[in-house]
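These figures come from a predicted structure and were not determined experimentally. Each ligand, and each atom within it, is numbered from 1 in the order the structure gives. Residue numbers run from 1 in the order of the sequence given.
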Amino acid sequence: MKVLIVGNGGREHAIARSIHESASFRKDNGILYCTSGNPGMEKFCIPVNIKPADINSLSKFAVENKIGFTVVGPEAPLSLGIADVFQKNGIKIFGPVKGAAEIESSKIFAKNLMKENEIPTARYKTFSKKEIEEAIGFINECTYPVVFKADGLAAGKGVVILNNEEEARRHLKDFSEDKTLSDTGDEFIIEEYIKGEEVSVFAICDGKDYALLPFSQDHKKISDGEMGGNTGGMGAVAPVKKFMTEALTEKIKNKIIEPVLNAMKRMGRTYKGCLYCGLMISDDEPFVIEFNCRFGDPETQAVLPLIKSDFLELLISSAEGSIREYKLEVYNKFTCGVVIASGGYPGKFETGKLISGLEDELEQCIVFQSGTKAGNENEILTNGGRVLTVTGISDVSLSHAKYLAYERIKSISFDNMYFRNDIGFRQIDNSRDA
Ligand code: AMP
Ligand code: GLY
């Protein structure tokens, strides 16, 4: 079978690797294609020079080249309707249709869905740019901090925590004058801040049934100890053991995933693909912070190395509606994925730096590439904010996985490289498994 991966970041590198290792793919002498730009993926995928957002050209390519299955990594092509176009042209694809992807592309759609279906989430209200005073009125009914969320896709920049009235007024004024985000809509949400532990949940759905992958924990802030500005994610660990209980898992299934799948089906927006639930666990109760219509990055680089059963078959069973028959098997291992970024990220940073130390592959460590590009000869250069994710994999403990990742990082270098030193700290401190 020929498989096409749309997207070229660390998440897609991890997806491609897991498909490449799937027994069904190997047995079938599978061939992998990927949208071009990631030299790590291009070691085992044939590059296709079409942008992920160019959904019509991708569909044409898939038809002409008899691609048997397509897997979409990022949200942009999904929210543009890539799954709708592929399905119309009779090509199998992993990922939700546009109407279902709205669960990520519109935060207001997601919040209303939760309200109507009593899915636990922070109390909120929706406002337009013209309703700044009304928003301040609602904020004053809440206790600080409160959370501001712009509607629409904002690449992680649409969420701002407001700590006092002065900050709130300044941010709302900037937003209403369009100084902050140009490509989101006119509407925004103010919601209450929930204190707790964040967990990322990936449910692979086929419209009615789903398989839950191991839970992971991202580290969103740029600096150690969760300090500094928000990023796309600076590292992730899996599985999350410290505060996850069977009872909590049942609540996540019964109060969140199942009501979402049922509601989406009733609305004619049948949900297939990965439903990413960003949760806050507060006093043993799960609250939804956000839904995404795709796998998370860098969580995927931590979660996928734990999947023992055939990953390609899992994704195909999502598209075909046969998850019920799929038997998910998971390794009893621990992973710690550390993101290496360009100095300056999430603000301004330079690219084009030569990366050394990518050559030696170790069995217990995988180096996933994201913001990289090919230079002269066999050179690999930096080409983005988040450049690599180094994932340590241990049979023993999370702290061992962390040790393996950081040992591997010692042999990697480029000018001005930056990474956090404390990935996994929440799970490792006082953890039974550490
Ligand atoms: P989002 O893009 O919605 O995931 O928000 C980015 C980050 O802001 C989340 O990962 C949380 O750390 C934080 N956040 C968002 N909403 C809330 C909330 N209601 N309470 C506490 N933290 C939040
Ligand atoms: N790591 C967060 C995300 O993928 O949205």
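- Between Leu248 and Pro286 the shortest heavy-atom distance is CD1-CD, 3.8 Å.
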Enumerate the pairs of nitrogen or oxygen atoms, one from ligand 2 and one from the protein, separated by less than 3.5 angstrom; state names and distance to 0.1 Å.
residue, atom, partner, partner atom, Å
ligand 2, 1 (N), Asp218, OD2, 2.7
ligand 2, 1 (N), Gly232, O, 3.1
ligand 2, 1 (N), Asp297, O, 2.8
ligand 2, 1 (N), Glu299, OE1, 2.9
ligand 2, 1 (N), Glu299, OE2, 3.4
ligand 2, 4 (O), Arg294, NH1, 2.9
ligand 2, 4 (O), Asp297, N, 3.0
ligand 2, 5 (O), Asn292, ND2, 3.4
ligand 2, 5 (O), Arg294, NH1, 3.4
ligand 2, 5 (O), Arg294, NH2, 3.0

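- The heavy atom nearest to atom 15 (C) of ligand 1, considering only Ile289, Asn292, Asp218, Val146, is found in Ile289.
- Contact between Gln301 and Thr391 at its shortest, heavy atoms only, is O-OG1, 3.0 Å.
- Here Lys195 has no heavy atoms under 4.0 Å from ligand 1, in either its backbone or its side chain.
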Side-chain donor-acceptor pairs under 3.5 Å in residues 330-337, sequence neighbours left out?
residue, atom, partner, partner atom, Å
Thr335, OG1, Ala238, O, 3.3
Thr335, OG1, Ala302, O, 2.7

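- Inclusion of Ile161 in the set of residues having an N or O under 3.5 Å from an N or O of ligand 1 is not warranted.
- The aromatic rings of Phe368 and His13 stand perpendicular to each other, their planes meeting at an angle above 60°, with 30° marking the opposite boundary.
- Checked against a 3.5 angstrom limit, the closest N/O atoms of Lys149 and ligand 1 fall inside it.
- For atom 2 (O) of ligand 1, the nearest non-hydrogen atom from the set Val159, Val160, Val147 belongs to Val159.
- In plain terms, the two heavy atoms of Ile194 and Thr121 that are nearest each other are CD1-C, 4.4 Å.
- Taking a cut-off of under 4.0 Å to the non-hydrogen atoms of Glu198, the atoms of ligand 1 that pass are 9 (C), 10 (O), 11 (C), 12 (O).
- Tested against Phe148, the residues Ile139, Leu172, Ile189 include a single side-chain contact (heavy atoms from CB on, under 4.5 Å) partner, Leu172.
- Shown in contact with Met280 at under 4.0 Å from a heavy atom are these atoms of ligand 1, numbered in order with element: 21 (C), 22 (N).
- You'll find the ring centres of Tyr33 and Phe61 inside the 6.0 Å limit.
- Residue contact check: Glu191 has heavy atoms under 4.0 Å from atoms 16 (N), 17 (C), 18 (C), 19 (N) of ligand 1.
- Within 6.0 Å of atom CD in Glu329, more than 12 heavy atoms from other residues, nucleotides or ligands are found, so the atom counts as buried in its surroundings.
- Here the straight-line distance linking atom CG of Asp297 with atom CG of Asn292 works out to 11.0 Å at 0.5 Å rounding.
- Taking the six-membered ring for Trp and thresholds of 30 and 60 degrees, Phe295 and Phe202 have ring planes more than 60 degrees apart, a perpendicular arrangement.
- Set against the non-hydrogen atoms of Lys107, the atoms of ligand 1 under 4.0 Å away are 2 (O), 3 (O).
- Of the N or O atoms in Lys221, none lie within a sub-3.5 Å distance of an N or O in ligand 1.
- Between Lys111 and Glu191 a salt bridge is recorded (basic side-chain N to carboxylate O distance below 4.0 Å).
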